[in-house]
Amino acid sequence: MFLRFTPLELGELIAQVESPARGGVASFLGLVRNHHGGRQVVRLEYSAYEPMAEAECARIVAEAEERWDCGVALAHRIGMLDVGEVAVAVAAASPHREEAFAACRYAIEEIKRRVPIWKREFFVDGGVEWVGSGARSELLRDTTGR
Amino acid sequence: MFLRFTPLELGELIAQVESPARGGVASFLGLVRNHHGGRQVVRLEYSAYEPMAEAECARIVAEAEERWDCGVALAHRIGMLDVGEVAVAVAAASPHREEAFAACRYAIEEIKRRVPIWKREFFVDGGVEWVGSGARSELLRDTTGR
Amino acid sequence: MTTTERATLTVRILLFGSYAEFLGREALELALPEPATIGDAVARLRSFPGGNRLPARPLCALNLSQVPAEAPLSSGDELAILPPLAGG
Amino acid sequence: MTTTERATLTVRILLFGSYAEFLGREALELALPEPATIGDAVARLRSFPGGNRLPARPLCALNLSQVPAEAPLSSGDELAILPPLAGG
């Protein structure tokens, strides 16, 4: 499962890909920032088209592992997150550090480009907006249905 | 202290650089590999010109933080390490993931290029060699003096 | 020769994020005269209350894969209308 | 007019890794006639037992910074002779 509903642990992902033959492990964490567009963010909520998001994440891992001599693990948090929490985590291990970095970078870029995940930002001024579409959110219930 | 004589924890380095304004954290771990030059490695020993190594590490952090909008933390293990242990760790946090990756990559490349650290590899066949110079090591005592 | 005699296909529509809010629902069944493309389904959705806030050519996924607006629909397909992605 | 009348400078030499093994020690004091460069110090070290295994132009650090072989020495300097680096 690439989508997670509880806090992400980078160590868990690294443990999935490290091995005695892979001397380099590159990783990336995306954290919830406290600001966006000049406004102060207090928390945000991620939702997903879950079966497609799982399928896209699996394709991204397979593509990276085919293109580089590496193992890749990734996870994306869904649900309500506070500022500073880990939203996305990627780890890539390879015998060569260049390949570990390249695979890690590829995975995070493709996650952002292709995986059907959305987020609403909750601002300190009480506003709620869908990131990307810029639409104000009217529904204040938990759209993830959890 | 950038040189460490006990196991490295990536989480500790990430905690040093993450902040609510820095949404991207790139990191790198270098692990002791189980092979080198076709021979099986069982463990290795790092030693350093300690005051210069500390000074070079501090310069690398300062250079990366000046060049990119980021915070950088790094540590290198000294002493005897088993296969799979973390030899070097770098974490770079930035508001922009491109800068986090660039700073992390810069730091690990400069560590390898400039920091006066040496290692002896202990092979399964009983041989011991200084990596880089290719010289067989005759002294089997702990050259780190610890 | 009347429209009721034309064969129809039925697809399941999924709406997410801001688009689900625009139309006030997250899923619906849509019957369309055959043959129909994704563009035809989107045009129908845009005629619904609140549907005018959907773009004319939104990002779409058919049975879990992204597809262009010209892609044909078959009965039983799952068509997801995707707002701008914001993962990561 | 004799060499004993020439002023000398004394530097502290540090040896690491394989180089410390070649010369059988990790530190020594070296007295050299003034003026002297790093290259002069290395040439002297290479005349010691085992010193022939040192390269003619090893990597050197003077008072904690890397310097070229032409750099001049002053009394009290710490000159480190560095084998090929292998950190990371």
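Sequence lines set the chain letters: A, B, ... in the order given, protein chains first and strands last, and positions in each chain run from 1. This one's a predicted model, so the numbers in the text were calculated from it and none came from an experiment.
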Check [X] against [Y] and note the closest heavy-atom contact, atom names and distance.
X	Y	result
A/Lys119	A/Leu44	CD-CD2, 3.9 Å
A/Ser94	A/Glu99	OG-CB, 3.5 Å
C/Leu9	C/Leu73	CD2-O, 3.4 Å
A/Val25	A/Ala93	CG2-CB, 3.9 Å

Contact class of C/Leu14 relative to chain A, heavy atoms under 4.5 angstrom: side chain
So for C/Phe22, is it side chain, backbone, both, or neither that comes closer than 4.5 Å to the heavy atoms of chain A? side chain
What part of A/Arg136 gets closer than 4.5 Å to chain C, counting heavy atoms only: side chain, backbone, both or neither? backbone
For A/Val131, is it the side chain, the backbone, both or neither that has a heavy atom under 4.5 Å from a heavy atom of chain C? both
Please name the residue in the list A/Tyr46, A/Phe5, A/Phe2, A/Phe28 that meets the ring-ring contact (aromatic ring centres under 6.0 Å, His included) test with A/His76. A/Tyr46
Using a strict 4.0 Å threshold on nitrogen-to-oxygen distance, state whether [X] and [Y] make a salt bridge.
X	Y	result
A/Glu129	A/Arg39	yes
A/Glu63	A/Arg67	no
C/Arg57	C/Glu70	yes

Partner chain C: residue of A/Ala135, A/Ala53, A/Ala55, A/Ser133 with the largest heavy-atom pair count (under 4.5 Å): A/Ser133
Select, from A/Gly30, A/Pro51, A/Ala89, A/Ala87, the one with the greatest count of heavy-atom pairs under 4.5 Å involving chain C. A/Pro51
For residues 75-88 of chain C against chain A, heavy atoms under 4.5 Å, the residues are C/Glu78, C/Ala80, C/Leu82, C/Pro83, C/Pro84, C/Leu85, C/Ala86, C/Gly87, C/Gly88
Out of A/Arg105, A/Arg113, A/Lys112, which residue meets the side-chain hydrogen bond (donor to acceptor under 3.5 Å, both in side chains) rule with A/Glu109? A/Arg105
